Engineer: 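I'd like to ask some things about the structure below.
All figures in this text were calculated on a predicted structure; none of them were measured in a lab. Values reported hereafter were calculated over all heavy atoms of this structure, with side chains retained and with hydrogens, waters and symmetry mates removed.
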Amino acid sequence: MNAYEYLLSYQIKPSVQRIAIMDYLLKNKTHPCIDDIYNALHNDIPTLSKTTVYNTLKLFVEHGAAQMLTIDERNACFDGDTSNHAHFKCKSCGKIFDVPMADDAEDHSFALQGFEVEETHHYFKGICPDCIKEMKSKS
């Protein structure tokens, strides 16, 4: 599915900026922050501003077309993959990785207590395999 169709599937009216931002999210699985997206796109779209990127991402999150990750204390990052998965942030290189998560891993006890869960966030922090390998090769 291309970015145009993806936006329509979430009832988001496509525009040049929205299509470009969603296309970037779908093609770059790096969990970019607003600055990353702006820097990647502003040469191709000179009218693009950081405010437009921010407002567009906010719209995507509100419609469920993207996730906002707050795994990093300083920057919000964004993920175009809205499937059920967790995230792992490497404390060494700073990369954020998608981590598979079983559907039955969610705690359904909230529903039994009368709560209505609208979203969950699963974050892990540690050292990624590449950084561990690099550390071992230096010792």
Engineer: Which atoms form the tightest heavy-atom contact between L26 and A3, and what is the distance?
Structural biologist: CD1-CA, 4.1 Å
Engineer: Treating Ile, Leu, Val, Met, Phe, Trp and Tyr as nodes and any side-chain heavy-atom pair under 4.5 angstrom as an edge, say whether L69 and L59 lie in one connected cluster.
Structural biologist: no
Engineer: Would you say that S92 contacts C128 through its side chain, given a criterion of any heavy-atom pair below 4.5 Å between the two side chains?
Structural biologist: no
Engineer: Do N28 and T30 get their side chains close enough for a donor-acceptor pair, meaning under 3.5 Å?
Structural biologist: no
Engineer: Take V61 and F78 through the side chain to side chain contact (heavy atoms under 4.5 Å, CB included) test and state the conclusion after the steps.
Structural biologist: CA-CA 9 Å; V61 171; F78 295 86; 4.1 Å; yes
Engineer: Given side chains that start at C-beta, do those of N2 and I19 come closer than 4.5 Å, heavy atoms only?
Structural biologist: no
Engineer: Which heavy atom of K89 sits nearest a heavy atom of G94, and at what distance?
Structural biologist: CE-O, 3.8 Å
Engineer: Is there side-chain contact between Y10 and T82, with at least one heavy-atom pair below 4.5 Å?
Structural biologist: yes
Engineer: Taking the side chain as everything from C-beta on, heavy atoms only, tell me whether Q17 gets closer than 4.5 Å to V53.
Structural biologist: no
Engineer: How about D79 and H85: does a side-chain donor come under 3.5 Å of a side-chain acceptor?
Structural biologist: yes
Engineer: Indicate yes or no for a side-chain donor-acceptor contact from N55 to the backbone of T52 under 3.5 Å, with no hydrogens or angles considered.
Structural biologist: no
Engineer: For the backbone of S15 and the side chain of Y4, can you confirm whether one donor and one acceptor N or O come within less than 3.5 Å of each other?
Structural biologist: no
Engineer: Heavy-atom count around Y54 OH within 6.0 Å, excluding the residue itself: above 12?
Structural biologist: no
Engineer: Ignoring hydrogens and angles, tell me if any N or O in the side chain of R18 forms a donor-acceptor pair with the backbone of I12 under 3.5 Å.
Structural biologist: no
Engineer: Are the charged groups of K29 and D98 less than 4.0 angstrom apart, N to O?
Structural biologist: no
Engineer: Any chance you could lay out the side chain to side chain contact (heavy atoms under 4.5 Å, CB included) test for F124 and I71, step after step, and finish with the verdict?
Structural biologist: CA-CA 8 Å; F124 301 93; I71 192 170; over 6 Å; no
Engineer: Give the C-alpha distance, both sets of side-chain angles, the deciding distance and a yes or no for side chain to side chain contact (heavy atoms under 4.5 Å, CB included) between C90 and F97.
Structural biologist: CA-CA 8 Å; C90 179; F97 301 87; 4.3 Å; yes
Engineer: Would you say CE of M135 has more than 12 non-hydrogen atoms from neighbouring residues, nucleotides or ligands within 6.0 angstrom?
Structural biologist: yes
Engineer: Quick check: is L8 connected to L25 through a chain of hydrophobic side chains (ILVMFWY, heavy atoms under 4.5 Å apart)?
Structural biologist: yes
Engineer: What is the minimum heavy-atom distance between Y6 and A65, and which atoms define it?
Structural biologist: OH-O, 3.0 Å
Engineer: Name the residue from M68, Q67, M22 that meets the side chain to side chain contact (heavy atoms under 4.5 Å, CB included) definition with F60.
Structural biologist: M22
Engineer: Kindly give the heavy-atom pair with the smallest separation between F88 and I127, and that separation in Å.
Structural biologist: CZ-N, 3.5 Å
Engineer: Using 30° and 60° as the class boundaries, would you call the ring planes of Y38 and H42 parallel, tilted or perpendicular?
Structural biologist: parallel
Engineer: For a side chain to side chain contact (heavy atoms under 4.5 Å, CB included) check, start with the C-alpha distance between C77 and I96, then their side-chain angles and the critical distance, and finish with the verdict.
Structural biologist: CA-CA 9 Å; C77 299; I96 299 173; 4.0 Å; yes
Engineer: For Y123 and H87, take the angle between the two ring planes, folded into 0 to 90°, and tell me which bin it lands in: parallel under 30, tilted 30 to 60, perpendicular over 60.
Structural biologist: tilted
